[in-house]
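What follows is a single structure, written as structure tokens, with notes after it.
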There are 2 protein chains.
Amino acid sequence: MFTQSEENYLKAIFQLQEEIEGGISTSSLSEKLETKAASVTEMLKRLSDKELVDYQKYYGVQLTESGRKQALLIVRKHRLWEYFLVERLNFNWDEVHEVAEQLEHIKSPKLVEELDSFLGRPEYDPHGDPIPDKHGKLPKSPTKKLSQLKLGDHGICKGFNDNSSAFLQFLDKQNIGLHTPIEVLHIETFDESMTIKIAQREVLLSKTATDNIYIDNIATEA
Amino acid sequence: MFTQSEENYLKAIFQLQEEIEGGISTSSLSEKLETKAASVTEMLKRLSDKELVDYQKYYGVQLTESGRKQALLIVRKHRLWEYFLVERLNFNWDEVHEVAEQLEHIKSPKLVEELDSFLGRPEYDPHGDPIPDKHGKLPKSPTKKLSQLKLGDHGICKGFNDNSSAFLQFLDKQNIGLHTPIEVLHIETFDESMTIKIAQREVLLSKTATDNIYIDNIATEA
DNA sequence: TATAATATTTAGGCAAACCTAATTATTTAT
DNA sequence: ATAAATAATTAGGTTTGCCTAAATATTATA
Ligand SMILES: [Mn+2]
Ligand SMILES: [Mn+2]
Ligand SMILES: [Mn+2]
Ligand SMILES: [Mn+2]
């Protein structure tokens, strides 16, 4: 059994590994977990002793098979609870993260299994992020960003890179949500901002915004 | 905001105060929380500094108004989660305690309110224990023990003093549950054991058992 | 009432998880 | 290649929450 802190580190390492390949630096963990670098170094030594990570001083850290398995379980719990909060308890998608951050540490294999079954074994959380199954297998998720689409392309929003409350509330305001169909109406050349059609309305999005939106079911205009 | 450990102490003091009047002793807390007396003394000093308890060295401890309010919230969360686990997630009543022991520490006022509403604002948990409402008000619960009934009395099981897995499984085996109607068929004079009628079957219960079963809707035979 | 038994507190330690400041290793720039 | 800048680690502290052993207060008993 692991402490909450150990679990938070494992999850953070896992998430950084999804973005960056190679060893994860002390400073990136320090930033993600909002702790000082010295605290990270200390914890990495502990995780290394428990064989959850491969850690080489000065050269970063990577999950072992055992560490990855554990990280996937925490991600699974986090996302199942988020789904529960939104779909059953009337939470908005921008209010679930904090609470799921606590609930993900509840230890009870039966609880995870029964919750999953109660929810109908969902594949994606309220932010479109894939929920690992019992064996740690992740359903596939879209890799194309809105910023990569061409003029006239159609598609459907399937995920977001930034799950901050601020970004999610911005999306709410623009009527952009999971499964929202969109069409690229115009691309500004000098700053790559895009004009998008969403449910009859035209919306202007910055490159920063379009970089954080994942699109699937892409169809190019005939 | 309080630590998990502080919350566990507050709840333990609250529960001992329900049973015993007057100051709660260090040793009774030590036993209930399975920690050493020295650790209890230390924590009582901390809780006293935070004005959650009135503590007088050598003469026990009592909750302040603020401490009682906090304890009631933890009890509320514990019992709501137990209800959720049994009524929605197919847990048996003897498997919920451990998990609720963890879930009761999740901090989110919205979660408590929405969970309560989702569950239909239940008044009693799966063991018949009363669930405090939002304001800390407890619905009334039966005070008569089965051991206090007379020959020929009828009644309905409404709660249990011992929520241990062992006792609950014993009750399952005897087909005794919440809301089960019973009738006193015989009382043995020398050891106060009772023969009870439960759904056509006759069951013999020791004084230890009948002392741990609460009965309501008592009707004396005409 | 003095003494023995019991309960409680104090003293001193330890591990987890954080911190700041100082040191050392690595990387970048001249 | 050396020096400067940056990143990471080590050293030394702190708080929480637990422990054992020793000291002290309370309660029971003779
Ligand atoms: Mn967390
Ligand atoms: Mn999410
Ligand atoms: Mn608890
Ligand atoms: Mn209960």
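In what follows, every chain begins at residue 1, and chains take the letters A, B, ... in the order their sequences are listed.
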Separation of [X] atom [atom1] from [N] atom [atom2], in whole Å?
X: B:Asn8; N: D:dG17; atom1: CG; atom2: P; answer: 10 Å
X: A:Gln4; N: D:dG17; atom1: CD; atom2: C1'; answer: 15 Å
X: B:Tyr55; N: C:dT9; atom1: OH; atom2: C1'; answer: 7 Å
X: B:Glu6; N: D:dT16; atom1: CD; atom2: C1'; answer: 9 Å

Could you tell me whether A:Glu21 atom CD has more than 12 heavy atoms of other residues or ligands within 6.0 Å of it?
-> no
With a 4.0 Å heavy-atom cut-off, tell me which residues in residues 13-22 of chain A come close to DNA chain C, sorted by residue number.
->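 Result for residues 13-22 of chain A: none.
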So, with a heavy-atom separation below 4.0 Å from DNA chain C, the residues of residues 27-53 of chain A are A:Thr35, A:Lys36, A:Ala38, A:Ser39, A:Glu42, A:Met43, A:Arg46
Using heavy atoms to find the nearest nucleotide of DNA chain C for A:Tyr9 and B:Gln56 separately, return the residue whose nucleotide is more 5′.
-> B:Gln56
Is any side-chain N or O of B:Thr3 closer than 4.0 Å to OP1 or OP2 of D:dG17?
->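 B:Thr3 to D:dG17 OP1/OP2: side-chain N or O found under 4.0 Å.
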N/O (side chain, A:Ser5) to phosphate O (OP1/OP2, C:dA16) under 4.0 Å |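 For C:dA16, OP1/OP2 do not have a side-chain N/O of A:Ser5 under 4.0 Å.
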What pairs of residues pass the side-chain hydrogen bond (donor to acceptor under 3.5 Å, both in side chains) test when at least one of them lies in residues 107-120 of chain B, not counting sequence neighbours?
->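 Pairs touching residues 107-120 of chain B that pass the test: A:Asn90-B:Glu114, A:Glu95-B:Lys110, B:Glu7-B:Lys107, B:Arg76-B:Asp116, B:Glu113-B:Arg121, B:Glu113-B:Lys134, B:Asp116-B:Arg121.
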Going by the salt bridge (charged side-chain N to carboxylate O under 4.0 Å, His left out) test, which pairs reach into residues 36-45 of chain B, not counting sequence neighbours?
->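 Pairs touching residues 36-45 of chain B that pass the test: none.
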Pair listing, salt bridge (charged side-chain N to carboxylate O under 4.0 Å, His left out) test, anchored in residues 135-149 of chain B, at least two apart | none
Short heteroatom pairs, N/O only, protein and nucleotides 22-25 of chain D, under 3.5 Å:
residue	atom	partner	partner atom	Å
D:dA25	O4'	B:Tyr58	OH	3.2

